[in-house]
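Numbers restart at 1 for each chain; the letters A, B, ... are given by sequence-line order, proteins then strands.
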Amino acid sequence: MAESAKTVELPKTYDPAATEERWYRTWDTRGYFRALPDPAMRPYTIMMPLPNVTGELHMGHALNNGVQDCLVRWQRMRGRMALYQPGTDHASIAVHVVMERRLAREGLTRFTLGRERFLEETWKWREQIGQTILGQMRRLLLSCDWERTTFTMDPGYARAVAECFIRLFKKGVIYKGKRMINWCPKDQTSISDLEVEYVEEQTVLYHVRYPGADGSAGIVIATQRPETILADAAVAVHPDDPRYRALVGTRVIVPIVNREVPVIADRRVERGFGTGAVKITPGHDPLDYEIGVDHELPVLIAFDQHGKMEDLGRPRYRGLDRVQARQAAVDDLRSAGLLVREEPYVTNIGRCDRCKTTVEPYISDQWFCRMKDLAAPAIRAVREDRVRFHPARWTKFFLDWMEQIRDWNISRQLWWGHQIPVWHCACGEMIASIERPASCPKCGGAALTQDPDILDTWFSSALWPMATLGWPDETADLRYFYPTSTLVTARDIIFLWVARMIMFGLEFRGKVPFADVYINPTVLNIEGRRMSKSLGTGLDPLALIERYGADSLRFALINRCTGEQDLRFSEKMVEDTRNFANKIWNAARLVRLHIEGRDVPAARPRDTRSLPNRWILGRFARAAADVTGALESFEFSVACRRLYEFVWNEFCDWYLEMAKVDLQAAEDGRAPIGEGAAGETRHVMSWVLAQTMALLHPIMPAVTEEIWQALPHDGETVMRAPWPDAPREWMDEAADGAMAEVMEITSAVRGLRAEMALATQPVGVSLHFGPADRGRIDGARLYLAHLAHLDADRLQVSGLDEHPPYGIPSPCGTGRIEIHVDSPDLRARVRDRFQKQLGSVEQELAGVTKRLQDPVFRQKAPAETVEATGTRASELRARLDTLRRYVADLAPRGGA
RNA sequence: GGGCGCGUAGCUCAGGGGUCAGAGCGCUUCCUUGACACGGAAGAGGUCCGAGGUUCAAGUCCUCGCGCGCCCACCA
């Protein structure tokens, strides 16, 4: 209350930059963002999807975090103890790519630097950039509990990661083994299946003859990768393929290397593809590997870890890269006369998600996490709605993947990250332990070395909802804030992150990590293309904040969350929202003007009498209910649209204009509702505006706080104002009806005047209504005059039978309007207008009549529909009659 | 190969069986009236992607196409 007495300077144009900066600092220093366990309150928790330390804030963050902050602020106002957990991810491979790029500028690689120096450099770099993105997030006005900021390589977090690994290892869920994995020859590491991105490319399918060992013609196979011929171990055909049945069991000669291999039969061969015969290269193709295992074929390796050719008895190939090797193989095949055919072919090439290098299927010793058993409880949890996706279609998307889940390669041959907590003894024993064990429990040896590999970044981020709250310790935070409430994230990490959090949460806590998952749309530019810095197709959120304010950026983005998978965005949308903010600002200035220096209560107004006051309270209740409902069902664009409509159309366009009349009339001593009208109106206008600010605060935190503070209010911040409720009894149907009439008459007068180009001329207008309506309309006369921009003296209300000395009539509801002008030209123009309307009414009436005369319609359509159609028909007939009469009345007089 | 989403006014999107199809922006005309020209008022503008079907009634439901986007998949 004390705050309201202060005179707050409200300039003509709202200045977002200064206001946002000032309020954000105030909220932060007053500790409003802190969240501590409080048994008296229900917790509400959102974990920020941890941004990489590589990046800067982009539009995706602005949207994602904007939505989260909207939810957090909303729940905080609803009385929940709201925790918004911030932090950053070490982003192992992504950081490697960035660091290697920096090193490359000095002609270095991580290997010339060595592991220790590389880590030192990376830590330095991360210190420098690590807080940048969080700093930028403050510009979005996020109400995070910054004191809890966590980095995924903090000591406590690292301990949680190691603990998780060790538990799963001891349980046998994590195992080590030689398997075929995806290898990135550039980053020098394995990557998981989800980190391979497949791109369609135009290649060539080579048909190659493998001559029979007995000198016969042999067999023709088809391959895209002739360079791997050197490592072939067999040729396979389908057992039921009559073309090749006789050849199964014989031996053929591998071209180039002239090695004998068997022709084998396997059902996994597609008869219809290529020639129906396929070369088997267990070292470089996942399917071939499987077939090789089943047929006990030898595994030959054609490429080393750098993607360079090994020596396979053909020295001229040694050291060639994959492109050179292919060329060499094609040349050799051609000169040997074994290249039968080359056909153009489109295929999917797997590329490293981070560096875009073509990945190589490669056999290596790696750590894996068995997924089937972890997935089962997660599948059940989602099926039982313990985790709900919004929009719901993502549920199927999630389940389809989970049901065909495969083991996860979790080890990386990188340095930046969590090193695997396993110690190898010379005797072959592996000991999982956070600390280096003193000796090997099996042989007693002391020469233990830690496994050099580190863990996939996503292994550690899977623990985010638990590790940030203190897990594996049973902390008060963990007990209070876990499970969290809502996860807001992008669809591209549903498998990488969301799925794994659910699995680990269930595994280690027995509880799902969050109840709701909102999948936010992807921000595209206006042409529908991905925003990309390198392509120059992106928008910079920080620049937009500078130009228009974070409030506007937030609203503009949240407004586009429609439930579709993408959203097309442009700067214009932020500008439009800036205009909206300015509109609110000016509404506030008007309200301030009227309450300045007066004693206006902060409490909610009761027993209002004036039409606009009763009406706007009802409309506010409706808007509050709609906004609440929309937020509850994650329909953010609906919430935004309702707020926009309420503020601009209902509050500003109609209510405030009518409120001006109440206030002015009170001064003149002719208030429509008598004494006290001005006080009531001042109370209602300031209360509704303050409440609207509360309703809009989660989306536009700063401008709403600034205005709320300038109005009568209870409490010290809108951040903690109670969320507006919407009592049904405020929805005032009588007021709605009366207002609809006021609006109709207003529009009719305005429209007619505009049509006649009389909008600015002082004309007289009379409203002619029957005895039942006259009193009511006369009561609204002052409002109508103001809304139609007429002098009150020039607007009269008369009976239906009365006629002004001269005038141009126009129907309006149950009565008519007369504009007091005498001009044959205008009469003709208005007559034309009515004639046009007449045409469309006739057309519609014809349609409705036809329907009504159709016996099948009368019989089959529900009674209410038939009745409504009948009502519509009589309305149309009445309107038609009226229009015809007016057209006749307006006909040129006396034939002159 | 399979799955999902989208196709409605020039643009971005609402509407998801029934009463002349809606909003914002843009456009046209008028207006600087004491909250706001980042504003007010009035307008113009639509074979609701196409073809079939269901229904008394179809942007709205079904089927099949076409176009755009996303995801999954070991036909080399």
base_contact_polar (B/rC38 base, A/R578 side chain, donor-acceptor, <3.5 Å): yes
A/W394 vs A/Y518 side-chain heavy atoms within contact, under 4.5 Å: no
Distance, rounded to the nearest Å, where A/L845 contributes CG and B/rU19 contributes C1': 12 Å
Under 3.5 Å donor-acceptor pair, A/K572 side-chain atoms to B/rC25 base atoms: no
Touch class at under 4.0 angstrom, heavy-atom based, for A/S570 against every strand present: nothing
B/rG59 glycosidic torsion: syn (within 90° of 0) vs anti: syn
OP1 or OP2 of B/rA76 under 4.0 Å from side-chain N/O of A/Y345: yes
A/N559 CG - B/rC25 P separation (whole Å): 12 Å
Value rounded to 0.5 Å, distance of CD in A/Q664 from NE2 in A/H594: 8.5 Å
A/L524 CG to B/rG69 P, straight-line distance once rounded to whole Å: 11 Å
Watson-Crick or G-U counterpart of B/rG45, or none if no pair lies under 3.5 Å: none
Sugar-phosphate only, base, or nothing, as touched by A/P361 at under 4.0 Å among non-hydrogen atoms: nothing
Sugar-phosphate, base or nothing in reach of A/E564, heavy atoms under 4.0 Å: sugar-phosphate
Interatomic distance at P, B/rG7 relative to B/rC49, whole Å: 8 Å
Opposite nucleotide pairing with B/rA51, Watson-Crick or G-U, both atom distances under 3.5 Å: B/rU63
Parallel, tilted or perpendicular: rings of A/W401 and A/F495 (30°, 60°): parallel
Interatomic distance where CD1 belongs to A/I526 and P belongs to B/rC68 [whole Å]: 20 Å
P gap between B/rC64 and B/rC4, integer Å: 11 Å
Base-pairing assignment for B/rG39 (Watson-Crick or G-U wobble, both under 3.5 Å): B/rC31
Rounded distance (Å) that lies between atom P of B/rC72 and atom CD of A/Q404: 10 Å
Sugar-phosphate, base or nothing in reach of A/V269, heavy atoms under 4.0 Å: base
Sugar-phosphate only, base, or nothing, as touched by A/R268 at under 4.0 Å among non-hydrogen atoms: nothing
Nearest-Å distance once atom P is located in both B/rC27 and B/rG18: 35 Å
Any-strand Watson-Crick or G-U partner of B/rC4, both distances under 3.5 Å: B/rG69
Evaluation steps, side-chain contact (heavy atoms from CB on, under 4.5 Å), between A/L205 and A/F273: CA-CA 11 Å; A/L205 190 62; A/F273 186 86; 4.0 Å; yes
More than 12 heavy atoms of other groups within 6.0 Å of A/R529 CZ: no
A/F389 ring center near A/F634 ring center (under 6.0 Å): no
From A/M573 atom CE to A/S570 atom OG, the distance as rounded to the nearest 0.5 Å: 4.0 Å
Protein-nucleotide distance (A/W585, atom CH2; B/rA35, atom C1'), rounded to Å: 12 Å
OP1 or OP2 of B/rG39 under 4.0 Å from side-chain N/O of A/K12: no
Sugar-phosphate, base or nothing in reach of A/R406, heavy atoms under 4.0 Å: sugar-phosphate
Greater than 12 external heavy atoms within 6.0 Å of A/R268's CZ: yes
Polar pair under 3.5 Å, donor/acceptor by atom type, side chain A/K660, base B/rA35: yes
Sugar-phosphate, base or nothing in reach of A/N348, heavy atoms under 4.0 Å: base
Phosphate contact (B/rC36 OP1 or OP2) by A/N579 side-chain N/O below 4.0 Å: no
Any A/W654 side-chain nitrogen or oxygen under 4.0 Å from OP1 or OP2 of B/rG40: no
Nucleotide paired to B/rC56 in any strand shown, Watson-Crick or G-U, under 3.5 Å: B/rG18
Contact nearer the 5' end of RNA chain B, comparing A/E527 with A/V638: A/E527
Touch class at under 4.0 angstrom, heavy-atom based, for A/T865 against every strand present: base
Rounded distance (Å) that lies between atom C1' of B/rG34 and atom CG of A/N586: 13 Å
Touch class at under 4.0 angstrom, heavy-atom based, for A/R568 against every strand present: sugar-phosphate
Whole angstrom value for the distance that separates P of B/rC31 from CZ of A/R753: 13 Å
base_contact_polar (B/rA14 base, A/E645 side chain, donor-acceptor, <3.5 Å): no
A/R872 or A/F397, whichever maps to the more 5' nucleotide of RNA chain B: A/R872
Sugar-phosphate, base or nothing in reach of A/A861, heavy atoms under 4.0 Å: base
Sugar-phosphate, base or nothing in reach of A/R858, heavy atoms under 4.0 Å: nothing
Nearest-Å distance once atom P is located in both B/rG53 and B/rA14: 30 Å
C1' spacing across the pair B/rU32 / B/rG26, given as an integer number of angstrom: 23 Å
